[in-house]
Amino acid sequence: MSKKIILPGAAIGVLGSGQLGRMFAIAARRMGYRVHTFSPDSDTPTGQVSDVEIAASYDDLDAVRRFAQSVEVVTFEFENVPSATAQIAAEHAPVRPAGSVLHIAQNRIREKTFLAKAGFPVTPFRTVESFEDLTQAVTELGTPAVLKTAASGYDGKGQVRVTNANAAAAWESIGRVPAVYESFINFDLEVSVIAARGLDGRPLDYGVIENRHTNSILDVSICPANVSPVIEKQARQIARDVMDALDVIGVMCVEFFVAGDRIYINELAPRPHNSGHLTFDASITSQFEQQLRAVCGLPLGSTGLLRPSAMANLLGDLWSGGEPDWAAACAHPAVKLHLYGKMEPRKGRKMGHLTALAADAKTALQNVLQARAKLTNSVQPL
Ligand code: AMP
């Protein structure tokens, strides 16, 4: 693999075109790089702030080839691209993280099997490829549990809670596709650790972030998380060790469940993550700049937190009574507004987020929630 440093002025290729790519592109352009984005869509959150936007299918390997030939390095903001896409790209430019990392992280069976074999603490699980496997898993692990499709699951999609009574219905409801059957964890807290690893192989992390979900979609993130020093140390070490074990060059998010003094990995994302959006405003180096530095072979920046912070997602639901009152949310001087340039505010769609910085995490959370509430206090009906 080439260890050449890719310097400002070079073009960086991004597979995927959502808000993660948008914030990556903003960080990259700020440092004088050019950004080419590739996805099936046009006028995308990433494309709007890129130098070049390519709208083509991930299966259009000629288009992927031309894209990779036009950049110095390829990274991604969306891990569900076909393996062949990453392979073809890698013939023309380094792909960071490598396609082998994508291959593992885009499939829950491969991901959990890899982590369990490497000795990492994952939620107890069984692989399910038939209804017989499911019956066996119910016998072995008991209920309640969660049945999750192996591929294409995010924000709670492709998941169903399993009790003794509904195994057959659960199997039908996920479409009888390969899945993992996971024990239901009665967790106290969900947390994540964003880590970064550059070409020299030394991992860094941003500490522990608390995540609260509503309807399986991330609602708020709070940093630093209120966890014991033992859990903090364990979570951070695991995140670094997972990066090493997978030889990731880039940024990775490891999501955990914390139950008493135990910690379980829920899932991995081999890219910047929604729970790390607060690093854009609250950290010396954001997760997006860090991804850029890592994939370009530059020294990594400090992950130090400038101030405690909290992030609240803005879903399309907020538009149900008309355009949200942006000025009211901006009235708080330590709240930052981020919007992703998406035209259609659908229910559950991530349209933007707010970040608040404060002297402590509790105040940051209060401020960000207050600011979000103000968005819909005085909306003008359409
Ligand atoms: P996931 O897409 O796997 O991150 O799941 C979405 C959300 O569902 C998680 O953030 C949890 O809140 C919940 N969840 C998923 N798996 C489990 C589990 N094994 N036990 C308890 N809650 C879970």
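- For the residue pair Y206 and Q290, a side-chain donor N or O sits within less than 3.5 Å of a side-chain acceptor on the partner.
- Within the 3.5 Å criterion, the main-chain N or O of T44 finds no donor-acceptor partner in the side chain of D41.
- The main-chain N or O of F76 is never found under 3.5 Å from a side-chain atom of R271 such that the two would form a donor-acceptor pair.
- D133 has no carboxylate O lying under 4.0 Å from a charged side-chain N of R126, or vice versa, which leaves the two without a salt bridge.
- Summarising the local packing, CG of D360 is surrounded by more than 12 heavy atoms from other residues, nucleotides or ligands at distances under 6.0 Å.
- Side chain of D60 to backbone of S57: no donor-acceptor contact under 3.5 angstrom is found.
- Nearest heavy atom pair, residue S50 against residue T37, reads OG-CG2, 3.7 Å.
- In this structure, F24 CZ and I12 CD1 are separated by 5.5 Å, a value rounded to the nearest 0.5 Å.
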Item to check | Candidate pair M351 and R346, rule side-chain contact (heavy atoms from CB on, under 4.5 Å), full reasoning | outcome: CA-CA 9 Å; M351 302 295 291; R346 290 193 298 272; over 6 Å; no
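- Linking ILVMFWY side-chain heavy atoms closer than 4.5 Å, directly or via other members, places F256 and F187 in two distinct hydrophobic clusters.
- Distance alone, capped at 3.5 Å, places no donor-acceptor pair between the T143 side chain and the A145 backbone.
- No side-chain donor-acceptor contact under 3.5 Å links Q366 and Q370.
- Judged purely by atom type and a 3.5 angstrom limit, T303 uses its side chain to pair as donor or acceptor with the backbone of D205.
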Item to check | I26 vs R30, side-chain contact (heavy atoms from CB on, under 4.5 Å): CA-CA, chis, key distance, verdict | outcome: CA-CA 6 Å; I26 290 169; R30 194 173 70 170; 5.6 Å; no
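- Under the 3.5 Å distance criterion, with hydrogens and angles disregarded, no donor-acceptor pair is assigned to the side chains of H273 and S192.
- Within 6.0 Å of CZ on R262 lie no more than 12 heavy atoms contributed by other residues, nucleotides or ligands.
- Side-chain N/O atoms of S320 and K347 include no donor and acceptor closer than 3.5 Å.
- Atom NZ of K336 has 12 or fewer heavy atoms from other residues, nucleotides or ligands within 6.0 Å.
- Of all the heavy atoms in A245 and F114, the pair that sits closest is O-CZ, 3.9 Å.
- Side chain of T127 to backbone of I109: no donor-acceptor contact under 3.5 angstrom is found.
- Judged by distance alone, the side chain of R29 and the main-chain N or O of V49 form a donor-acceptor pair under 3.5 Å.
- The two residues A356 and N367 have their closest heavy-atom pair at CB-CB, 4.1 Å.
- Annotation: R236, atom CZ; neighbour count of heavy atoms from other residues, nucleotides and ligands within 6.0 Å is above 12.
- Between E344 and R349 there is no salt bridge, since no side-chain N of the basic residue sits under 4.0 Å from a carboxylate O of the acidic one.
- Between E77 and T46 the shortest heavy-atom distance is OE1-OG1, 4.4 Å.
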